[in-house]
4 protein chains.
Amino acid sequence: MTNNEPKLTKKQIAIIETATELFAEKGYAGTSTNEIAHKASVSEGTIFKHFKSKKGLLMAIVSPMTMKLFAPMIKKDLDKVLDQEFEYFQDLVRAMIDNRKAFIQNNLPMLRILIQEIPFHPELKEQFIEYIGKDIFEKIGQIIKYYQDKGQLVEMDQKTIIRTIASSILSYIVARYVLLPEADWDSEEIETERIVQILENGLVPKN
Amino acid sequence: MTNNEPKLTKKQIAIIETATELFAEKGYAGTSTNEIAHKASVSEGTIFKHFKSKKGLLMAIVSPMTMKLFAPMIKKDLDKVLDQEFEYFQDLVRAMIDNRKAFIQNNLPMLRILIQEIPFHPELKEQFIEYIGKDIFEKIGQIIKYYQDKGQLVEMDQKTIIRTIASSILSYIVARYVLLPEADWDSEEIETERIVQILENGLVPKN
Amino acid sequence: MTNNEPKLTKKQIAIIETATELFAEKGYAGTSTNEIAHKASVSEGTIFKHFKSKKGLLMAIVSPMTMKLFAPMIKKDLDKVLDQEFEYFQDLVRAMIDNRKAFIQNNLPMLRILIQEIPFHPELKEQFIEYIGKDIFEKIGQIIKYYQDKGQLVEMDQKTIIRTIASSILSYIVARYVLLPEADWDSEEIETERIVQILENGLVPKN
Amino acid sequence: MTNNEPKLTKKQIAIIETATELFAEKGYAGTSTNEIAHKASVSEGTIFKHFKSKKGLLMAIVSPMTMKLFAPMIKKDLDKVLDQEFEYFQDLVRAMIDNRKAFIQNNLPMLRILIQEIPFHPELKEQFIEYIGKDIFEKIGQIIKYYQDKGQLVEMDQKTIIRTIASSILSYIVARYVLLPEADWDSEEIETERIVQILENGLVPKN
DNA sequence: AATGAATGAGGCTTCATTCAT
DNA sequence: TATGAATGAAGCCTCATTCAT
């Protein structure tokens, strides 16, 4: 949908992929451009030719353009979920958890970078918010309205509902896959069901 | 393993305080020992005399010994909440939110360090878990049982309940005070009430 | 040694002109080939195709071949002065000042390069001397003899006289236009007249 | 006369001396900090510890403080000349030429640096002017007035006279020792006498 | 116990130059 | 002929750490 094609060379892609991996693993400040160059089988000079500076590389990784590389995927598979018009809100939540879980597992490195580096690079925050906001928020807003109209969702303001759902899902996923990946967790189905149940009874009005 | 009272000199305290601040603000890898020395009005040599290495300084900051400095305070004010035997579970939650909020605001720097650096320093994770686990978990477990017996809490397993409560409270507080401190939030009372309400209706069994 | 007309392509001219400008402004060592390429709207490869190396480009700029591009102009307008047979030596000096001033102003960049880089590139010195010497010295020698015969010039040896005149004129012009272009100078006419007068009479008053 | 003692360590002095030499020989941009470190038997880190940056080192070399190291010498031996109250102005000029020649030969490197780098570092110009102006100009002004009153100097304005004398002396010395040190020059005495004579009488013979 | 000069390894970045297209 | 991606050597600079005082 974006007109100006990125046209990244093979080396550029190798650099971005390697850097993404390493930044995620060791942090931005803890990764040297030399290491990136080696692992990407590229000369250090090439990195700077393309990305101007180490920070430039970081920004490229999380830049809208790069995100757009993921965006189609993100949108498409989010749409798959959102467009299904589940009979019950709970089924939507269940589907979203699976969907988000898959996405996060696939994009763990970039998300790790975002989470770790946002506090140190104010520019990142803006990109993150813009990206999340623009592409995802609206759609979700519509869905929520749909279930509110159906009487399956409390009439709280949307921001709060989104935050509640998001924080329930994200805090579980982040804890499980980012912060404490080695801890012993119950099976995914059971964890999923718990979240659903809690969200259900908390957000669905009693009559 | 912790020997008797740690007797820190003024310089050592100055170093720890300065380093805590700077690590929190710019990250461990992003802070230089030189900067710490300057801001603490201490020579670089002194830092290494006392803490062996930069990592040693980090470990000292988050070490049980240092944490013990905070521990009495932590425990005491957590106990203040937990020992009150509120009539209703909701009141406990409300009190805990206020309590945690105060603690986090007071100890933001160290928490920031923990959150940021845990992924890069495996040793930290152990210290963190041991510290949090040992001192707090048990107590909370008792409390939960108390309210379960009173019929005010679902009969889920404790781990899940704790995670649910903790993630509700923490994800709100972390988001509000650590990740997005500048965003426009509703007033604290309203936010608190929402969390309480959601937790309440989600966790309290319907009859 | 100079073969027939040098046929420079448009790109080559663009490169030479841009490089001349930049070398003059920032020095040879302070200018990158990349910058030259950009400002000349040419790829870096092209520069090396044509000039072999960065040094080759410098040599091309100050080479006899390039200088010959200016030589006709130089000679012509110097001849204009020298062929006029002024009644008085002072008038010749006055005319030469104006003439040199114009030339220097028009060719400031290349002169700057010569002045700045001669100490670091021995080859340059030879080119410079050969070029200046061959084309100009002889002519001036004749002129001096002419005014000596007329009794308007002391009977010192020519080398000294040339050096005296040249240094008077050049040190003024270099100081005024190269070294301290922003300083506050008197009007050009007044400065010119002072040089003429001092050359004529010296500093000791005759009574 | 300056109160705050510089207190340069041995290494600092070694760095400054080596850098002065190398900058003079190969230019600022043409000299690497690595080379300076090696020749000064010092680690590269030490250079930056003391001088912050390569430019900082350049500024230190030509800074007032460093110049003050030379200033006593400069002033003292200039005073030797200026305080002698020569019977004739010509004798003063003669003495000044010898004196300046000695100074320049002794400080050739620093002067070379100044001459070469001033066009590229505007800050240098200010330091140069301030330094020359403050310490030397006034004194010379007095001397000139002395000889004007004695009727041995034309009644031109002082600035012009100073410039004339300075440019005569400097252009000879710079040409002889800086720009074209290898050329074949007449003996020093003869050259000196010529300058004196020209300054005295000019180029036009009186009959 | 404290200092701060000194270090050398390594970090980020620039550069002249080459080469496949 | 022209391009510009790619290179690797070298440049400037920072850093954690050591050591004589």
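Just so we're on the same page: letters track the sequence lines, and every chain starts at 1. Quick caveat, the model's predicted, so the values are computed rather than measured.
- Summarising the geometry, atom CD1 belonging to I47(B) is positioned 13.0 Å from atom NZ belonging to K49(B); distances are rounded to the nearest 0.5 Å.
- Considering OG of S32(D) and NE2 of H38(D), their distance stands at 9.5 Å, rounded to 0.5 Å.
- Taken residue by residue, residues 39-47 of chain A places heavy atoms nearer than 4.0 Å to DNA chain E at E44(A), G45(A).
- Scanning for salt bridge (Lys or Arg N to Asp or Glu O under 4.0 Å) contacts around K52(B) gives an empty result, with sequence neighbours left out.
- At a non-hydrogen distance threshold of 4.0 Å, K49(D), H50(D) from residues 48-58 of chain D come into contact with DNA chain E.
- I36(B) is not listed as a side-chain neighbour of E44(B), based on a closest heavy-atom distance of 4.5 Å or more.
- Shown for residues 25-33 of chain A: residues whose heavy atoms fall under 4.0 angstrom of DNA chain E, namely T31(A), S32(A), T33(A).
- The line from CD1 of I118(D) to CZ of F120(D) is 11.5 Å long, rounded to the nearest 0.5 Å.
- How far NZ of K26(A) is from CZ of R112(A): 13.5 Å, rounded to the nearest 0.5 Å.
- To the nearest angstrom, C1' of dA10(F) lies 17 Å from CG of N34(C).
- No side-chain N or O of K11(A) forms a donor-acceptor pair with one of H50(A) less than 3.5 Å apart.
- Atoms CD and CG, from E35(B) and L22(B) in turn, are 5.0 Å apart once rounded to the nearest 0.5 Å.
- The shortest non-hydrogen separation linking A37(B) to S43(B) is CB-C, 4.0 Å.
- Chain C approaches DNA chain E over the interval dC15(E) to dT18(E), counting the first and last nucleotide 5' to 3' with an atom under 4.0 Å from its heavy atoms.
- To the nearest angstrom, C1' of dT1(F) lies 10 Å from CD of Q12(C).
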- request: Could you please spell out the steps behind the side-chain contact (heavy atoms from CB on, under 4.5 Å) verdict for I16(B) and Q12(B)?
  value: CA-CA 6 Å; I16(B) 286 190; Q12(B) 287 179 51; 5.6 Å; no
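- Considering T20(C), L57(C), I61(C) in turn, L57(C) is the only one that fulfils the side-chain contact (heavy atoms from CB on, under 4.5 Å) rule with I15(C).
- In this structure, I36(B) places its CD1 atom 11 Å from P of dC15(F), rounding to the nearest Å.
- In this structure, the separation between CD1 on I113(A) and CG on L108(A) is 10.5 Å, given to the nearest 0.5 Å.
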task: Decide salt bridge (Lys or Arg N to Asp or Glu O under 4.0 Å) for K39(C) and E21(C); before the verdict, give the C-alpha distance in whole Å, the side-chain angles of both, and the deciding distance to 0.1 Å.
output: CA-CA 10 Å; K39(C) 280 217 177 169; E21(C) 225 171 89; 5.4 Å; no
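- Helical stems in DNA chain F, defined as runs of 3 or more consecutive Watson-Crick or G-U wobble pairs with donor-acceptor distances under 3.5 Å: E:2-21 with F:2-21.
- Within the 4.5 Å cutoff, the side chain of Y28(A) has heavy atoms near those of the K55(A) side chain.
- Counting heavy atoms from C-beta on, the side chains of L58(A) and F51(A) never come closer than 4.5 Å.
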